[in-house]
Amino acid sequence: MAQPKQTVMHPYIPNMIPEVQRHMLDEIGVERIEDLYRIIPDELKLSEKMNLPPALSELELRRHVQKLLNRNQSTQDMPSFLGAGCWPHFIPAICDEINQRSEFVTAYAGEPYEDHGRFQALFEYQSLVAELVDMDVVNVPTFDWAQAASTSLRMAARMTGRTEVLLAGTLDKDKLKIIINYITPDLTYQMVDFHHESGELSLQDLRGKMTGNTAAVYFENPSFLGTIEPMGQQIADIAHEAGAICVVGVDPISLGVLKPPSQYGADIVCGDLQPLGMHMNYGGGQAGFIATRDEEKYVMEYPSRLFGIAPTIVEGEYGFGDVAYDRTSFHDREKGKESVGTQTALWGITAGVYLALLGPNGMEELGQTIMQKSQYAAKLLGQIEGVTIRLQSPFFKEFVADFTQSGLSAADVLKQLRATGIQGGRDLSSDFPELGESMLLCVTEVHTQEEIEQLAAALERICSRGMKGAECR
């Protein structure tokens, strides 16, 4: 007589007992575990069983993984002009020295009695970013810029009681997917056109799409395409006239030379902290921030933690702790206005160290250096036959180069650049077809004059071959 098949219970995978799984599914109200993933498109799901190799010993596994890692090339191995959301910047050694201290390295949650200075470090970070963006209140970092923007829009919707947001057409399409996923189905959205010649947002299209249900207008300055938006105050005025909130995303490293959004009408400022002392990491290592004025209507809509300073019962002694903790999702859990999930407090401490090290003068000098180098790169590339620098508005560290006249696609140019030992920029041809066979190139303080000229020389050779090939065809 055949023995019944035994269910294998893995000791490290919880809730494998069928009875426990059935109870959990019944409590949730679904029939099968697969029903929990209905929102994921079928084309993204693996339909067959995974072909996993036999288990390796620790030594074999280490050797295998090391071989895979050795195939990678980092920005230390080759010049890279790729930005588009994760940018090459210099990281002072002190940033890593401080953020790897044991009292900070797991800077996630905790209470004052186990703080060891973490709350004060986060308070100092908030104060420094607030000074940089010229706002009063800054949160403990979100996971990334996309989450910070999404949360800002949901804050605006709760404050106005409206359910539609307007988003700039220049947004990174990857970031846009995250924002849409985060705000829907509670909120709807419309994209606002931009001028393909300059990169500026279309005020006419913005006015035409404003309604009594518009909760917020969101644009970025500099934009994803690198351009500096000169109409920021007019955009904010149009939003405010309709009773909407103006939300502006910003690269904080630009604020040493550019006016902060608060000075041209922004009500909520958000952005990415990665330029402020964080290494480029594949698949992680990002952090976002949100900043507002110190007004109760804004403060009480933050779903994330805020740290403040307060006197203790001992004269001259101060303590650091949560501000209005009962408004957070950590307090209300599933009944919270919004769940922010894991927060990247360690990167907040890192950004605080970076800003404290550079100071106002250092940030200004850094911004000027970046702009001088990026302008020099664009000038050199613009002189190459077959290359056109698109979007004539001023730019900060990123600019768009169009290779249509060379007869090559942006993908072809990138492939040939990599063959010469150079990592080019972001291929924009699919996401922004109206800009032709274009590439978004990033130049920062880490790029030397030699590397910029090496890029220009390589592109000149590539475009020359491309144009000759087109003539032969």
Side-chain angles (χ1 to χ4, degrees), residues 72-75 78-90 143-150 167-180 191 194 196 199 218-229 249-254 270-276 278-288 370-371 373-374 377-378 381 387 389-391 393-403 409-415 417-418 422-447 451-452 455 459:
N72 290 336
Q73 286 185 301
S74 75
T75 54
M78 62 191 303
S80 175
F81 297 88
L82 179 62
C86 189
W87 306 275
H89 286 288
F90 176 68
F143 191 72
D144 57 17
W145 186 349
Q147 187 190 20
S150 304
L167 308 174
T170 51
L171 288 187
D172 175 10
K173 297 302 187 288
D174 291 335
K175 185 187 296 179
L176 178 61
K177 290 177 183 177
I178 297 171
I179 292 174
I180 293 171
M191 306 303 297
F194 68 97
H196 300 165
Y218 177 71
F219 69 98
E220 295 176 353
N221 199 11
S223 74
F224 169 71
L225 299 176
T227 56
I228 298 170
E229 176 58 68
V250 68
D251 176 355
I253 211 165
S254 70
C270 61
D272 203 315
L273 292 172
Q274 186 264 328
L276 305 183
M278 293 165 53
H279 293 277
M280 301 173 72
N281 290 292
Y282 178 74
Q286 300 285 102
I370 291 173
M371 291 196 76
K373 290 190 174 186
S374 63
L381 269 57
V387 179
I389 303 301
R390 300 292 299 267
L391 307 181
S393 286
F395 58 89
F396 178 56
K397 65 185 179 187
E398 291 174 288
F399 59 92
V400 177
D402 183 1
F403 298 91
S409 68
D412 290 334
V413 175
L414 280 170
K415 183 177 180 180
L417 273 177
R418 280 193 287 266
I422 299 174
Q423 174 59 55
R426 165 85 168 263
D427 184 351
L428 299 176
S429 58
S430 296
D431 290 342
F432 295 91
E434 62 271 30
L435 298 180
E437 290 295 333
S438 289
M439 182 188 303
L440 182 67
L441 291 152
C442 174
V443 177
T444 72
E445 77 281 5
V446 302
H447 294 101
E451 289 174 336
I452 295 171
L455 170 68
L459 285 174

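Every value quoted in this text rests on a predicted model; they were computed, and no experiment measured them.
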Report the C-alpha separation of Cys270 and Trp145 in whole Å, then their side-chain angles, then the decisive distance to 0.1 Å, and conclude whether the side-chain contact (heavy atoms from CB on, under 4.5 Å) test is met. CA-CA 7 Å; Cys270 61; Trp145 186 349; 4.0 Å; yes
Would a 4.5 Å heavy-atom cut-off, applied to side chains only, mark Leu428 and Met439 as touching? no
Side chains of Ile228 and Asn221, heavy atoms from C-beta outward: is any pair under 4.5 Å? yes
Take Lys175 and Glu220, measure what salt bridge (charged side-chain N to carboxylate O under 4.0 Å, His left out) needs, and give me the verdict at the end. CA-CA 12 Å; Lys175 185 187 296 179; Glu220 295 176 353; 2.8 Å; yes
What residues form a salt bridge (Lys or Arg N to Asp or Glu O under 4.0 Å) with Asp144, not counting sequence neighbours? none
Shortest non-hydrogen separation from Ala146 to Ser150 and the atoms involved: O-OG, 2.8 Å
Contact check, side chains of Ser223 and Phe194, non-hydrogen atoms, under 4.5 Å: no
State whether a side-chain donor-acceptor pair under 3.5 Å links Glu398 with Trp87. yes
With sequence neighbours left out, write down each residue that passes ring pair (Phe, Tyr, Trp, His ring centres under 6.0 Å) with Phe432, or none if nothing qualifies. none
Donor-acceptor pair, Glu229 side chain versus Pro222 backbone, under 3.5 Å? no
Gln423 side chain reached by Thr75 side chain, heavy atoms, under 4.5 Å: no
Looking only at non-hydrogen atoms, find the nearest pair between Gly425 and Leu441 and report the distance. N-CD2, 3.7 Å
Is there side-chain contact between Thr444 and Phe90, with at least one heavy-atom pair below 4.5 Å? no
How long is the straight-line distance from CG of Leu455 back to CD1 of Ile452, given to the nearest 0.5 Å? 8.5 Å
Pair Lys397-His447, side-chain donor/acceptor within less than 3.5 Å: no
side-chain contact (heavy atoms from CB on, under 4.5 Å) assessment of Ile370 paired with Val443: CA-CA 7 Å; Ile370 291 173; Val443 177; over 6 Å; no
Return the minimal non-hydrogen interatomic distance between Gly199 and Thr170, and the atom names on each side. O-CG2, 4.0 Å
Pairwise distance OH(Tyr218) to CE(Met191) - rounded to 0.5 angstrom: 10.5 Å
Closest non-hydrogen contact found for Asn281 with Cys86 is N-SG, 4.3 Å
Report the C-alpha distance between Leu459 and Leu417 in whole Å, list the side-chain angles of each, state the deciding distance to 0.1 Å, and finish with yes or no for side-chain contact (heavy atoms from CB on, under 4.5 Å). CA-CA 7 Å; Leu459 285 174; Leu417 273 177; 3.8 Å; yes
Return the CE to CD distance between Met280 and Gln286, rounded to the nearest 0.5 Å. 9.0 Å
Leu435 and Leu225, any side-chain heavy atoms less than 4.5 Å apart: yes
Can you tell me if Ser374 uses its side chain to pair, donor with acceptor, with the backbone of Phe396 under 3.5 Å? yes
Shortest non-hydrogen contact from Pro433 toward Ser430: CD-O, 3.5 Å
Walk me through it: do Leu440 and Phe399 pass the test side-chain contact (heavy atoms from CB on, under 4.5 Å)? CA-CA 6 Å; Leu440 182 67; Phe399 59 92; 5.9 Å; no
Under a 3.5 Å distance rule, please check whether Gln274 uses its side chain to pair with a backbone N or O of Pro88 as donor and acceptor. no
So for atom NZ, which belongs to Lys173, do other residues, nucleotides or ligands contribute more than 12 heavy atoms lying within a distance under 6.0 Å? yes
Calculate, to the nearest 0.5 Å, the distance between atoms CE and CD1 belonging to Met78 and Ile422 respectively. 7.5 Å
Between the side chains of Ser254 and Asp251, is a donor N or O closer than 3.5 angstrom to an acceptor N or O? no
Close side-chain approach of Phe224 and Leu171, heavy atoms under 4.5 Å: no
Which residue pairs pass the salt bridge (Lys or Arg N to Asp or Glu O under 4.0 Å) test with at least one member in residues 426-439, sequence neighbours excluded? Asp172-Arg426, Asp174-Arg426, Arg426-Asp431
Nearest heavy-atom contact between Cys442 and Leu82 is CB-C, 4.1 Å
Between Arg418 and Leu414, is there a side-chain heavy-atom distance shorter than 4.5 Å? yes
